[in-house]
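The next block holds one structure in the form of C-alpha cells; read it before the comments.
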Protein chains: 2
Amino acid sequence: MGEATIRDVARRAEVSVASVSRALNGLDNVRAETREKVIKAANELGYVPHAGARSLSLARAHAIGVVLPDLHGEFFSECVRGMDREASRRGYLLLLSNMHDDSDQAAVALRTMRGRVDGLLVMAPHIAPETLEQAIPPALPSILLNSHADLPGRPALRFDNRAGAEAMVEHLVANGYRHIVHIAGPDGNLDAAQRAEGYLAVCARHHLPPRILPGNFNEEAGEAAARAILASTTRTDAVFAANDMMAIGCLHALRDAGTRVPEDIAVAGFDDVPLARYLSLSTVRVNIAEMGARAVARLIDLLEGKDMHRASEILTPELVMRATTAPRTASGNGAAHA
Amino acid sequence: MGEATIRDVARRAEVSVASVSRALNGLDNVRAETREKVIKAANELGYVPHAGARSLSLARAHAIGVVLPDLHGEFFSECVRGMDREASRRGYLLLLSNMHDDSDQAAVALRTMRGRVDGLLVMAPHIAPETLEQAIPPALPSILLNSHADLPGRPALRFDNRAGAEAMVEHLVANGYRHIVHIAGPDGNLDAAQRAEGYLAVCARHHLPPRILPGNFNEEAGEAAARAILASTTRTDAVFAANDMMAIGCLHALRDAGTRVPEDIAVAGFDDVPLARYLSLSTVRVNIAEMGARAVARLIDLLEGKDMHRASEILTPELVMRATTAPRTASGNGAAHA
DNA sequence: CCGCCCGCCGTAACCGGTTACATAACTCGC
DNA sequence: GCGAGTTATGTAACCGGTTACGGCGGGCGG
C-alpha cells in the first residue's frame with residue numbers, strides 16, 4: 001500500500017537507516033560499496049524520499065508560500081509565472097493560496113502555510129497592515145508586495161504608481177492634450193489611489209482642470225466612462241484610465257461610437273497587459289512578472305542569509321508610448337464635444 | 001527563536017499535549033474549561049500549528065501538486081488560476097512546479113512532491129507515457145492533463161482537439177471557403193497534430209485539396225505563413241491556424257499587405273485567447289481554466305473517495321464564430337491570387 | 001604490544017504533531 | 001458498598017526522515 005520508507009530500503013540493503021540517508025544524500029563518509037548497495041535497493045523498491053518528513057527534521061522545506069488576492073486579468077498569472085520561474089531556477093517550490101478579500105480567510109491561509117514553507121510572499125493591498133502583522137506567523141521571513149505600508153522587519157516591494165501616472169499624464173500634455181479625464185480604479189485600492197494622485201499632481205502643475213470618472217478596473221467601467229464622456233458637454237481630448245482593461249473598454253466604446261482615437265480623443269492605460277500591444281494602446285508598463293521574480297529572489301537571499309540590504313524596494317514603471325496617444329495634429333482637433 | 005510548539009502550549013496551559021491537540025482540533029471529549037485554558041495559552045503564545053508535522057502524522061497534506069510545462073501565452077496562467085480557484089474552494093493548497101522540457105528535470109520535480117501533497121496534476125504532453133509512468137511516485141493518485149496516452153490507473157483530462165478543428169473547418173466550408181490552408185503547430189506537439197488531423201479529415205470529406213504550412217505556435221510563424229501565402233500562386237481564401245497566436249500573426253501580416261479579412265482571406269485560430277475577442281478572430285475555445293478547475297475537482301473527489309467514474313474525460317471545445325470568418329459574399333471573391 | 005586515530009557504521013533521539021491505550025475519577029444500579 | 005460504564009486526561013508510540021554519539025576494526029607510531 002504505502003510507499004517504501006527509508007527503513008524498507010535499509011532492510012533490503014542490509015544496512016542501517018543512517019547509512020541509507022548518508023548514501024542517498026551524497027555524504028562522503030560511506031564506503032563506495034555500501035553506497036551502491038543502498039542505491040540498488042532504493043531503485044528496486046522505487047523509493048522516493050518523503051519530503052514532508054525530510055523538511056520536518058531539517059527544519060527546511062525548500063518551498064515558499066505565496067498568498068495573492070483575487071487579481072483580475074493577467075495580473076495573477078503574470079505574477080505567479082515570474083515567481084515560479086525564479087523559484088524553480090533556485091530549487092524551490094511555490095505553495096499557492098489565493099485569498100479572497102476577506103481578512104479572516106487571509107489569516108487562515110497564512111497560518112496553514114506555517115511548517116510547510118520557509119518564507120512568505122504576501123500581496124494584500126486591501127488588508128490593514130496591523131491586521132496583516134497579526135496574521136503572519138512571526139518567525140516566518142516574508143516579503144510584502146504592493147502593501148499599504150511597511151511592516152517592521154518585513155521588506156516590501158512595490159511599484160511607484162504615482163510616478164508612472166505622472167509620467168503618462170506629462171506625456172499626454174507634451175503631446176498637446178489639455179482636457180484629460182481620468183477613469184479611476186475601485187475605491188480603497190491603493191494602486192488606484194496612487195495613480196489618481198499622480199494624475200492630479202500633473203493637472204495641478206499645468207493648471208489643467210482635473211476630471212475623474214469612477215471605475216472598478218473592469219472593461220465595462222471603461223465602456224461606461226466612454227459613454228459618459230460622449231454624452232457630456234464637457235470637452236475631452238484624452239482619457240487616462242487607471243488600468244488597461246478600462247482603457248480598452250473605453251477605446252472600443254469610443255470607436256464603436258465613431259470617435260477616432262487618437263485624432264479625436266487619445267486613450268492611455270496602465271499595466272501594459274499583452275493585449276495593449278495589439279491595440280497599440282499607450283500605457284505604463286508594470287512588469288509584474290519581474291516583480292514576482294524579484295520578490296522570490298530576495299526572499300531566497302534572505303532565507304539563505306545572502307541579503308545585504310534589507311530595505312524595501314521601489315520599482316519604477318516604464319512609459320510605453322504607442323499610437324493611441326500620438327501627438328496631436330491639426331487634423332484632429334475640436335472634433336469631440338465642444 | 002523558533003515558534004511555539006504544541007508542548008509549549010501544553011506546559012503553559014498545564015495540560016498534556018493530547019489535550020491541546022484535542023482542544024484545538026475541536027474534538028468533543030474535552031471539558032469546556034480545559035478547552036478554554038488551552039485556547040488562552042495558545043493565543044498568548046501566538047501558537048500556529050506546524051502543518052508539516054501535522055500532515056506527517058495524519059498522512060494527509062491537504063495539498064495537491066501541479067506540474068506544468070513552460071506553457072506560453074495565457075495558457076499557464078489560465079490553467080493555474082482555474083486550479084487555484086477550485087482548490088481553495090475546497091480547502092486545498094497548490095504546490096506548483098513547472099518543468100522545462102527536460103524529462104529528467106520533470107522526474108525530479110515529481111519526486112520532490114512526494115510527502116508534501118496528496119495527489120498530482122501532471123501536464124506533460126511532450127513526455128513519453130512510459131517515462132512519465134516511471135517518474136510518478138506509484139502510490140500518488142494523479143490526473144494527467146492533455147497527455148499523449150492514458151496511463152493505467154490514472155485518469156486523464158484532455159480536449160478533443162480533433163473535433164474542435166473539424167468544427168472550425170466545417171464552419172469555413174459552410175461559409176463558402178474552399179481553398180483552406182492550415183498553419184501547423186510544432187512537430188511532436190500532440191495538440192497540434194490532432195488539430196491538423198481534424199483539418200485533413202474535413203478536407204477529405206469535402207474533396208478539398210489540403211495544404212499545410214509549417215508553424216511553431218508563435219506569432220512570427222503566422223506572419224511567415226502569411227508571406228508564403230501571399231507570395232504563392234496557389235489560390236487561398238481561408239487560413240486555419242493551429243493556434244490563435246499564429247492566426248493573429250497571420251492576420252496582421254495579411255492586413256499590412258493590404259489584404260482584406262475576411263473578404264479576401266478568412267482567418268481562424270484555436271484557443272480563444274483573450275486577444276481573439278478584440279480582434280474579432282474566429283476561433284475554437286478551449287477553456288483551459290475550466291479544465292484546471294475540473295482536474296482539481298476530480299482529483300479531490302478521488303482523494304476523498306468520492307469519485308465514481310474513474311474514467312478519462314474528454315472536453316469538447318466550443319466553436320466561436322466571429323468576424324474573421326464571416327460568410328463569403330459576392331463582393332469578396334477571387335481577390336486573392338488566382 | 002599498546003594506545004590512538006580514523007573511517008565506517010548502527011542505535012537512538014529528535015523534528016512537531018496525532019492518537020491508541022491506560023488510568024483515574026466519578027456516576028449509576030443493585 | 002462495589003463492579004460496570006462513562007468521561008476527561010495523560011503517556012508514549014508513531015509518522016519518515018536526519019544526525020549526534022558511540023562502537024568497532026584496522027593502520028600506525030612509539
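Order of the sequence lines fixes the chain letters, A, B, ..., with proteins taken first and strands second; residue numbering starts at 1 for each chain.
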At less than 3.5 Å, do the side-chain atoms of A:Arg31 and the base atoms of C:dG7 form a donor-acceptor pair?
no
Find the distance [X]:[atom1] to [N]:[atom2] and express it as a whole number of Å.
X        : N      : atom1 : atom2 : value
B:Arg114 : D:dC15 : CZ    : P     : 13 Å
B:Arg35  : D:dT9  : CZ    : C1'   : 14 Å
B:Arg116 : D:dG16 : CZ    : C1'   : 14 Å
A:Arg7   : D:dC15 : CZ    : P     : 8 Å
A:Ile6   : D:dC15 : CD1   : P     : 14 Å
A:Leu58  : C:dC14 : CG    : P     : 17 Å
A:Asn29  : C:dC6  : CG    : P     : 15 Å
B:His50  : D:dG16 : NE2   : P     : 17 Å

OP1, OP2 of C:dT18 versus side-chain N and O of B:Arg54: anything below 4.0 Å?
yes
Rounded distance (nearest 0.5 Å) linking atom CG of A:Leu93 with atom OG1 of B:Thr112
4.5 Å
CD/A:Glu313 to CE/A:Met291 distance, rounded to the nearest 0.5 angstrom?
9.0 Å
In residues 13-27 of chain A, which ones come under 4.0 Å of DNA chain D, going by heavy atoms?
A:Ala18, A:Ser21, A:Asn25
Is the closest side-chain donor-acceptor distance between [X] and [Y] under 3.5 Å?
X        : Y        : value
A:Ser55  : A:Arg60  : no
A:Asn25  : A:Arg54  : yes
B:Arg158 : B:Ser312 : no

Using a cut-off of 4.0 Å on non-hydrogen atoms, how would the nucleic acid contact of B:Leu56 be classed: base, sugar-phosphate, or nothing?
base
Indicate, with a heavy-atom threshold strictly under 4.0 Å, whether A:Thr34 touches base, sugar-phosphate, or nothing.
sugar-phosphate
Residue that, paired with B:Val67, satisfies side chain to side chain contact (heavy atoms under 4.5 Å, CB included) out of B:Leu132, B:Leu145, B:Leu110:
B:Leu110
Whether B:Arg298 and B:Asp301 form a salt bridge (side-chain N of Lys/Arg under 4.0 Å from carboxylate O of Asp/Glu) is what I want to check.
no
